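From a predicted model like this one, the values you see are computed outputs, not experimental measurements.
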Amino acid sequence: MTERSERSADPAEPLDRADHVDSATQAFVAHRNLLFTVAYEMLGSAADAEDVLQETWLRWVDVDLGTVREARAYLVRIVTRQALDRLRALGRRKESYVGPWLPEPLLTAPDVAEDVELAESVSMAMLLVLETLQPTERAVFVLREVFDLDYDEIAEAVDKSPNAVRQIAYRARAHVAARRPRGIASPAETRAALQAFQRAVETGELQSLLDVLAPDVVALSDGGGVKHALLRPVVGIDNVARLLAVGWWKRDAERSVELVQINGGPGLLVRVDGEIDGVVAVRVENGYVTGAYHVRNPEKLSRVERETAVTRCAEIRRTARRRGSPAASRRSHR
């Protein structure tokens with residue numbers, strides 16, 4: 001009998017492996033939504049986040065669980081490293097992307113909006129701000145500001161010293177603070193702005209929409225070279241007004257517009273002849289729309305037909321509720 005057949009004949013070995021896989025699976029499933037949220041906030045792409053989770057699982061199932069002190073921390077470390085690799089590759093792909101690149105929108109559950117910090121962190125506006133960070137800066141910012149990980153834990157995830165991570169976090173916070181929306185708009189403000197968009201689509205009446213646009217509003221659309229979209233940003237209320245006057249709601253088809261939860265806040269789901277055609281999200285500051293984001297790339301619309309779970313761990317949610325304010329203000333003195 002060969003060595004291979006002797007091993008397969010041992011009943012204890014496959015049983016031990018099966019037990020190991022069961023234990024690894026239970027831990028992975030318990031933290032899967034958290035891991036997806038980490039990867040998505042680092043990448044802005046649900047498809048790439050799912051690929052990262054698959055790569056994380058393949059590495060996790062080969063880990064000796066007896067050496068793991070805390071499964072969540074270990075899994076976050078794996079997913080962060082995989083997401084960093086993917087983020088660097090995405091940067092090269094985006095250089096050849098046709099037109100503006102926008103994050104992949106997610107249909108989210110209404111309760112995501114109850115966690116104000118999480119809702120802000122997955123918003124289209126914030127994900128675009130995070131796009132301006134270097135990969136390691138983005139990882140550190142997400143892990144520290146959104147998921148409240150210790151500097152030592154982040155250091156292990158990004159292969160830096162804790163002191164280096166503190167410096168990176170300081171730079172990233174300053175960078176984001178200079179570019180993030182000035183004050184988090186209430187869901188009611190955002191909903192009112194989107195209802196003005198909805199009326200413009202359904203009736204062609206633009207005045208109520210123009211009334212909520214900021215003078216320096218920026219409009220971006222993402223067709224990925226597949227659907228008609230803007231090839232560059234349109235800036236300023238006059239230019240955006242001209243765009244709206246001949247806009248994407250021209251009555252050449254049967255259109256319907258539905259107010260839904262997109263990335264933790266109100267958004268519009270647009271259908272043409274019954275098929276999903278795009279998603280509209282906005283950035284609202286001081287009651288006015290400063291950013292309008294229109295995603296039409298079909299490859300980015302698969303996550304708006306069913307809800308995607310995004311979450312932080314329970315301990316972070318409890319802390320946020322006790323303190324009652326977003327992390328940016330909580331940590332402004334750090």
Side-chain angles (χ1 to χ4, degrees), residues 35-59 76-106 121-147 154-160 164-165 167-169 171-176 178-180 218-234 263 278-279 281 291 293-304 308 310:
L35 299 176
F36 173 85
T37 308
V38 171
Y40 175 73
E41 292 204 20
M42 286 183 61
L43 299 167
S45 164
D48 286 298
E50 290 290 358
D51 287 345
V52 163
L53 259 61
Q54 179 65 24
E55 293 161 0
T56 298
W57 163 250
L58 293 174
R59 284 160 176 75
V76 167
R77 184 161 71 244
I78 298 175
V79 86
T80 299
R81 290 175 177 175
Q82 295 306 309
L84 275 171
D85 289 344
R86 183 62 62 99
L87 188 58
R88 293 177 180 117
L90 278 175
R92 293 189 291 272
R93 277 166 36 191
K94 289 172 188 175
E95 291 175 0
S96 59
Y97 197 79
V98 178
W101 184 96
L102 290 175
E104 183 177 350
L106 306 178
S121 70
V122 298
S123 70
M124 298 284 279
M126 179 54 72
L127 290 174
L128 282 171
V129 171
L130 296 182
E131 282 292 309
T132 64
L133 295 173
Q134 295 298 315
T136 302
E137 289 177 332
R138 184 166 182 169
V140 170
F141 182 88
V142 166
L143 295 177
R144 181 62 179 168
E145 299 300 305
V146 182
F147 297 99
I154 299 171
E156 290 187 11
V158 300
D159 291 325
K160 302 284 185 181
V165 167
Q167 292 300 315
I168 294 170
R171 292 197 306 271
R173 277 197 300 271
H175 185 97
V176 170
R179 293 163 177 80
R180 77 192 314 158
V218 178
L220 300 171
S221 64
D222 179 346
V226 179
K227 289 289 190 76
H228 178 72
L230 302 171
L231 293 179
R232 60 186 60 85
V234 174
N263 287 61
V279 166
Y293 315 119
H294 183 202
V295 180
R296 295 195 70 208
N297 184 346
E299 294 182 358
K300 294 186 178 183
L301 297 176
S302 63
R303 291 296 185 120
V304 297
T308 296
V310 294

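Here the side chains of Leu128 and Pro103 are in contact, with some heavy-atom distance below 4.5 Å. Counting heavy atoms from C-beta outward, His228 and Ser221 have side chains that stay 4.5 Å or more apart. The side-chain heavy atoms of Lys300 and Trp101, taken from C-beta on, include a pair separated by under 4.5 Å.
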Report task. Apply side-chain contact (heavy atoms from CB on, under 4.5 Å) to Tyr293 and Asn263, showing your working. Result -> CA-CA 12 Å; Tyr293 315 119; Asn263 287 61; over 6 Å; no
Query - side-chain contact (heavy atoms from CB on, under 4.5 Å) assessment of Asp159 paired with Arg81 - result: CA-CA 9 Å; Asp159 291 325; Arg81 290 175 177 175; 3.0 Å; yes
**Report entry** Evaluation steps, side-chain contact (heavy atoms from CB on, under 4.5 Å), between Leu35 and Val76
**Finding:** CA-CA 6 Å; Leu35 299 176; Val76 167; 4.0 Å; yes
Requested in this report: Please test Thr308 against Tyr40 for side-chain contact (heavy atoms from CB on, under 4.5 Å), starting from the C-alpha separation and ending with a verdict.
Outcome: CA-CA 11 Å; Thr308 296; Tyr40 175 73; over 6 Å; no
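Once rounded to the nearest 0.5 Å, the distance linking CG of Leu102 with CG of Leu220 reads 5.5 Å. For the atom pair CD (Glu137) and CZ (Arg173), the distance works out to 12.0 Å, reported to the nearest 0.5 Å. Distance check: Met42 CE to Gln82 CD gives 10.5 Å after rounding to the nearest 0.5 Å. To the nearest 0.5 angstrom, Leu84 atom CG is 11.5 Å from Gln134 atom CD. Atom CD in Glu41 sits 9.5 Å away from atom CG in Leu143 (nearest 0.5 Å). The CD1 atom of Ile154 sits 10.0 Å away from atom CD1 of Ile168, with the distance rounded to the nearest 0.5 Å.
When each of Arg138, Met126, Glu145 is checked for a side-chain contact (heavy atoms from CB on, under 4.5 Å) with Val176, only Met126 meets the rule.
A pairwise comparison of heavy atoms in Val218 and Pro233 identifies CG1-CB, 4.1 Å as the closest pair. Taking every heavy atom of both residues into account, Leu87 and Pro135 meet most closely at CD2-CA, 3.5 Å. Taking both residues in full, the closest heavy atoms of Phe141 and Leu133 are given as CB-CD1, 4.2 Å, listed atom of the first, atom of the second, then distance. For the residue pair Leu301 and Pro105, the shortest heavy atom distance occurs at CD2-CG, 4.3 Å. Phe147 approaches Thr37 most closely through the heavy-atom pair CZ-CG2, 3.7 Å. The nearest pair of heavy atoms linking Ala155 to Val165 is CA-CG2, 3.7 Å.
The side chain to side chain donor-acceptor pair (under 3.5 Å) search around Asp51 returns Arg86, not counting sequence neighbours. In this view, Arg179 and His175 satisfy the side chain to side chain donor-acceptor pair (under 3.5 Å) rule, not counting sequence neighbours.
Crowding of Lys227 atom NZ: a count of heavy atoms from other residues, nucleotides or ligands under 6.0 Å exceeding 12.
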